[in-house]
Protein chains: 2
Amino acid sequence: MPRWPEDSRARLVDSAVTLFAEHGYHSTTVDHIAARAGVTARTFFRHFSDKEEVLFADDDTVLPGMLASIAEPTGPVSAAELMQRTLTQLAEVMQPQRSVLTARQRIIETDVALTGRELAKQARWQQGVATALIERGFTADDAEVLSAIGFAIFVRALHSWLADNNGPTLADRVRDALPRARTVLDVVSSR
Amino acid sequence: MPRWPEDSRARLVDSAVTLFAEHGYHSTTVDHIAARAGVTARTFFRHFSDKEEVLFADDDTVLPGMLASIAEPTGPVSAAELMQRTLTQLAEVMQPQRSVLTARQRIIETDVALTGRELAKQARWQQGVATALIERGFTADDAEVLSAIGFAIFVRALHSWLADNNGPTLADRVRDALPRARTVLDVVSSR
DNA sequence: AGTGTTGTGTCAGATCATGACATCATTTAG
DNA sequence: CTAAATGATGTCATGATCTGACACAACACT
């Protein structure tokens, strides 16, 4: 019999997302979130470094999978194939979370600081992937350019998937995105 | 004879950058900045919506120039040429600011929130450029992909320029970046 | 001279965030 | 089987960020 109800952290995340969606990010105070989760504000800040972080708590669990999907394959394989692999893996992790991701995205878009934190997170992923590619022997330049382009393209696919309920799956969109990027550059560079 | 010393805003920016560089972003309070500029904290918040904004005050003056450099050219011109034009224009605006930009970048890198705000700003630019391209008749898809790739590449060039004092100019790096991006995609897609 | 506008000061207050210390069920050591 | 260590929480105090309301003095226009 634990002294306190368990999973305070999970209840805090849940309360936060609900209240943000219901009353907006600014109007929701940390006290509100904590009260709804049955704890004090001090406890909120023990679990999350700040009010924003409650929306990004699970982000760091994603990167290891991406890095693994780059490190795993044995034998010679192109950087583009590895990039494709990583992004597809990311797409498959995100796919089942669609409804949560949509709600989260709606909240994030209401606030510049949240948008920024989201982008900063993507930048860390991008850097991590580039480093993993470099460790597989590709040049820093190729790795970084490819990672930058890959994520730029992925984010576009993600947003179109979140906006369009009925089109192709995220994984499908991502699969097509990288080859299409090359096509676009081909076309635009041709005169 | 004005009632107060003029240019409070400029003095606030100057004080802020100096103090951030000297004592770090977190350790510097708005009161410190205001005191050094000879005003009160309340005045600081009249000029800047929050403590971060003092580092990004001039950002919105840049976009109009970029949009103009896309809208200006008459006659048929490829999207890639327009992208090249815009980024080169941006590079030329930034080039004389090198020392300020370096100091600013050093500060931004010390704080996730600042990094995020910087990225959010870039995202706004990217969206603005994409819109301008669309208005010139290119498809939304091509415009957005090209803008995304263009800025991803530009940021890489910018960072390498800031890190390397003695190499090529920013404009030169930018000029080479887009064609090189295509080369990288060619190489990585070829096997 | 009168009126409006502008930039600032002062003050009160809400919210965010952190440090220090206390509490108490669970776990572990002796 | 007791006693100490542990861990998640609460309470309190405090500093920092940000906003609203009101006041005031100089300037600008008529």
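Just so we're on the same page: letters track the sequence lines, and every chain starts at 1.
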So does A:Ser8 get a side-chain nitrogen or oxygen closer than 4.0 Å to the phosphate oxygens (OP1/OP2) of D:dT9? yes
To the nearest 0.5 Å, tell me how far A:Met83 CE sits from A:Phe154 CZ. 9.5 Å
Hey, is the side chain of A:His47 poking within less than 4.0 Å of OP1 or OP2 on D:dT9, counting only N and O atoms? yes
What integer distance in Å separates B:His23:NE2 from D:dA16:P? 14 Å
Report the distance from atom CZ of B:Arg117 to atom P of D:dT17, rounded to the nearest whole Å. 14 Å
Under 3.5 Å between N/O atoms: give me all the protein pairs with nucleotides 18-21 of chain C, atom names plus distance.
unit_1: C:dT18; atom_1: OP2; unit_2: A:Ser49; atom_2: O; d: 3.2
unit_1: C:dG19; atom_1: N7; unit_2: A:Arg42; atom_2: NH2; d: 2.9
unit_1: C:dG19; atom_1: O6; unit_2: A:Arg42; atom_2: NE; d: 2.9

Send over the distance from A:Tyr25 OH to D:dC18 C1', rounded to a whole Å. 14 Å
Whole-Å gap separating C1' (C:dT10) and CZ (B:Phe44): 19 Å
Rounded to the nearest 0.5 Å, the CG atom of A:Leu146 sits from the CZ atom of A:Phe151 at a distance of 10.5 Å
To the nearest 0.5 angstrom, please state how far the CG atom of A:Leu67 sits from the CD atom of A:Gln89. 9.5 Å
A:His32 atom NE2 is separated from C:dA14 atom C1', nearest whole Å, by 11 Å
Is there a side-chain contact between A:Thr40 and the phosphate of D:dT9, meaning an N or O under 4.0 Å from OP1 or OP2? no
Reckon A:Thr28 touches a base, only the sugar-phosphate, or nothing at all at heavy-atom distances under 4.0 Å? sugar-phosphate
Counting just side-chain N and O atoms, does B:Thr43 come under 4.0 Å of either OP1 or OP2 of C:dT8? no
In whole Å, I'd like the distance from the CD1 atom of B:Ile33 to the C1' atom of D:dC18. 14 Å
Need one value for A:His26: base, sugar-phosphate or nothing, where a base atom within 4.0 Å counts as base even if backbone is also close, heavy atoms only. nothing
Starting at CG of B:Asp31 and ending at P of C:dT10, how long is that distance when rounded to a whole Å? 12 Å
Reported CG-to-CG distance for the pair B:Asp60 and B:Asp58, which is rounded to 0.5 angstrom: 9.0 Å
From NZ of B:Lys51 over to P of C:dC16, roughly how many Å is that when rounded to an integer? 17 Å
Which heavy-atom pair separates A:Ile70 from A:Leu82 by the least distance, and what is that distance? O-CD2, 3.7 Å
Shortest non-hydrogen contact between B:Arg136 and B:Ala71, atoms and distance: NH1-O, 3.6 Å
Checking salt bridge (Lys or Arg N to Asp or Glu O under 4.0 Å) against B:Glu52, which of B:Arg117, B:Arg104, B:Lys121 comes through? B:Arg117
